[in-house]
Amino acid sequence: MFNIGEFVVCNNGGVCQVEDIKTINMDGVSKERLYYVLSPLTHEKNRVFIPYDNPKAIIRKVMSKEDAANLIEKMPEIDELVVDNQKFSEKKYKEILRSSNGSELFGMIKMLSNQKKQRLHDKRSLVSVDEKYLKIAKERLCFELALALGISKEEVEKTVVSRFH
């Protein structure tokens with residue numbers, strides 16, 4: 001399991017720090033059940049509560065420095081996400097965000113960034129749903145890589161953008 005102070009990635013909060021492990025006083029919630037209290041790095045005033053004993057909760061340690069370096073190295077080889085039916089694109093984006101898989105996040109970022117570039121070239125803007133998920137995916141991946149590598153999020157963003165081709 002995880003310890004207080006440890007950095008983790010969870011499916012609904014992105015990169016978080018374990019702030020506490022405790023019971024919570026809320027109607028309809030068992031007073032004996034323990035919860036991780038997570039503080040998202042992107043929204044420090046928010047808190048995410050994940051049941052300590054929930055095997056379905058997607059929560060993992062932040063990738064290691066070696067894993068982060070390997071992901072960055074293989075980024076040029078990662079294929080863009082392919083969405084066969086635009087009506088289901090948001091569902092696919094949510095699945096990828098829940099998985100917190102770095103390669104899949106990068107494939108999604110790559111596809112949405114290329115779409116944005118093409119739409120700007122055509123003097124159009126990116127669809128608002130796509131813009132929203134591009135921002136979330138970039139934020140999550142860059143925060144995790146920055147934390148793993150011990151560098152700033154801005155440095156990571158430059159590196160990620162340079163890996164598109």
Side-chain angles (χ1 to χ4, degrees), residues 1-75 78 81 83 87-113 126-160:
M1 297 316 238
F2 307 103
N3 299 310
I4 295 172
E6 199 168 359
F7 290 98
V8 296
V9 178
C10 75
N11 62 338
N12 56 352
V15 179
C16 301
Q17 187 169 25
V18 179
E19 189 176 282
D20 205 351
I21 301 169
K22 66 180 186 176
T23 59
I24 56 176
N25 186 14
M26 190 182 304
D27 290 340
V29 175
S30 168
K31 305 290 185 235
E32 283 90 47
R33 192 168 192 190
L34 288 175
Y35 286 80
Y36 287 111
V37 181
L38 307 177
S39 174
L41 296 185
T42 55
H43 300 93
E44 293 177 11
K45 293 182 180 175
N46 292 349
R47 294 295 172 267
V48 177
F49 297 88
I50 305 280
Y52 183 80
D53 59 352
N54 185 354
K56 293 181 183 178
I58 300 174
I59 183 171
R60 63 170 173 79
K61 286 187 176 191
V62 168
M63 69 178 84
S64 69
K65 187 173 186 173
E66 182 180 334
D67 289 341
N70 288 338
L71 176 61
I72 288 173
E73 187 65 33
K74 75 174 190 175
M75 280 180 175
I78 296 173
L81 171 68
V83 178
K87 287 184 357 185
F88 301 110
S89 62
E90 186 172 20
K91 181 181 178 194
K92 184 66 178 172
Y93 302 157
K94 286 179 179 180
E95 287 173 13
I96 291 170
L97 289 173
R98 271 192 293 279
S99 78
S100 296
N101 177 293
S103 295
E104 289 181 0
L105 279 170
F106 184 72
M108 183 172 127
I109 293 166
K110 198 174 195 180
M111 178 200 74
L112 291 171
S113 293
L126 193 60
V127 177
S128 63
V129 168
D130 292 348
E131 187 74 53
K132 170 186 167 183
Y133 286 100
L134 173 59
K135 181 181 180 206
I136 293 169
K138 271 185 176 179
E139 191 173 78
R140 287 195 181 180
L141 183 61
C142 290
F143 263 106
E144 183 172 9
L145 290 171
L147 193 60
L149 296 169
I151 60 177
S152 74
K153 182 177 163 268
E154 292 73 27
E155 287 178 82
V156 170
E157 286 175 355
K158 288 177 192 171
T159 302
V160 168

Are the side chains of [Y] and [X] in contact, using a 4.5 Å heavy-atom criterion?
X: I72; Y: M75; answer: yes
X: I21; Y: Y52; answer: yes
X: I136; Y: T42; answer: no
X: V8; Y: V62; answer: no
X: Y133; Y: K94; answer: yes

If we ignore hydrogens and angles and just use 3.5 Å, is the side chain of [X] paired with the main-chain N or O of [Y] as donor and acceptor?
X: S99; Y: I96; value: yes
X: R33; Y: K22; value: no
X: E144; Y: M63; value: yes

Rounded to the nearest 0.5 Å, how far apart are [atom1] of [X] and [atom2] of [Y]?
X: L41; Y: E139; atom1: CG; atom2: CD; result: 10.0 Å
X: R47; Y: D20; atom1: CZ; atom2: CG; result: 10.5 Å
X: L145; Y: R140; atom1: CG; atom2: CZ; result: 14.0 Å
X: C142; Y: E155; atom1: SG; atom2: CD; result: 11.5 Å

Is K138 paired with E157 through a side-chain N to carboxylate O contact shorter than 4.0 Å?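 Not counted as a salt bridge, because no side-chain N and carboxylate O are separated by less than 4.0 Å.
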Any salt bridge between R98 and E104, counting N to O under 4.0 Å?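 No, R98 and E104 are not salt-bridged.
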Output, in order, the C-alpha distance, side-chain angles, deciding distance and verdict of side chain to side chain contact (heavy atoms under 4.5 Å, CB included) for N3 and V18. CA-CA 7 Å; N3 299 310; V18 179; over 6 Å; no
Would you sort out whether L105 and L97 count as a side chain to side chain contact (heavy atoms under 4.5 Å, CB included), showing the intermediate values? CA-CA 7 Å; L105 279 170; L97 289 173; 3.7 Å; yes
Is the closest side-chain donor-acceptor distance between K74 and S103 under 3.5 Å?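 Per modelled atom types, K74 and S103 side chains form a pair under 3.5 Å.
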Answer with yes or no whether the side chains of S128 and E131 bring together a donor and an acceptor at under 3.5 Å.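 S128 and E131 do not have a side-chain donor-acceptor pair below 3.5 Å.
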With sequence neighbours excluded, give me every salt bridge (Lys or Arg N to Asp or Glu O under 4.0 Å) pair touching residues 5-16. E6-K61
Please state whether the rings of Y35 and F49 are parallel, tilted or perpendicular, taking 30° and 60° as the class boundaries. perpendicular
Search all heavy atoms of [X] against all heavy atoms of [Y] and return the closest pair with its distance.
X: V9; Y: S100; result: CG1-OG, 3.4 Å
X: A68; Y: A148; result: CB-CB, 3.7 Å
X: S113; Y: L134; result: OG-CD1, 3.6 Å
X: L34; Y: T23; result: CD2-N, 3.9 Å
X: G102; Y: L141; result: CA-CD1, 4.0 Å
X: P40; Y: C16; result: CA-SG, 3.7 Å

Before giving the answer on side chain to side chain contact (heavy atoms under 4.5 Å, CB included), spell out for L81 and K92 the whole-Å C-alpha distance, their side-chain angles and the decisive distance to 0.1 Å. CA-CA 9 Å; L81 171 68; K92 184 66 178 172; 3.8 Å; yes
Show, in sequence, the C-alpha distance, side-chain angles and deciding distance for L38 and Q17, and conclude whether the side chain to side chain contact (heavy atoms under 4.5 Å, CB included) test is met. CA-CA 6 Å; L38 307 177; Q17 187 169 25; over 6 Å; no
Step through the shown structure and confirm whether more than 12 heavy atoms of other residues, nucleotides or ligands are within 6.0 Å of NZ on K31. yes
Aromatic ring proximity, centroids under 6.0 angstrom, F2 and Y36: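 Yes; F2 has its ring centre under 6.0 Å from that of Y36.
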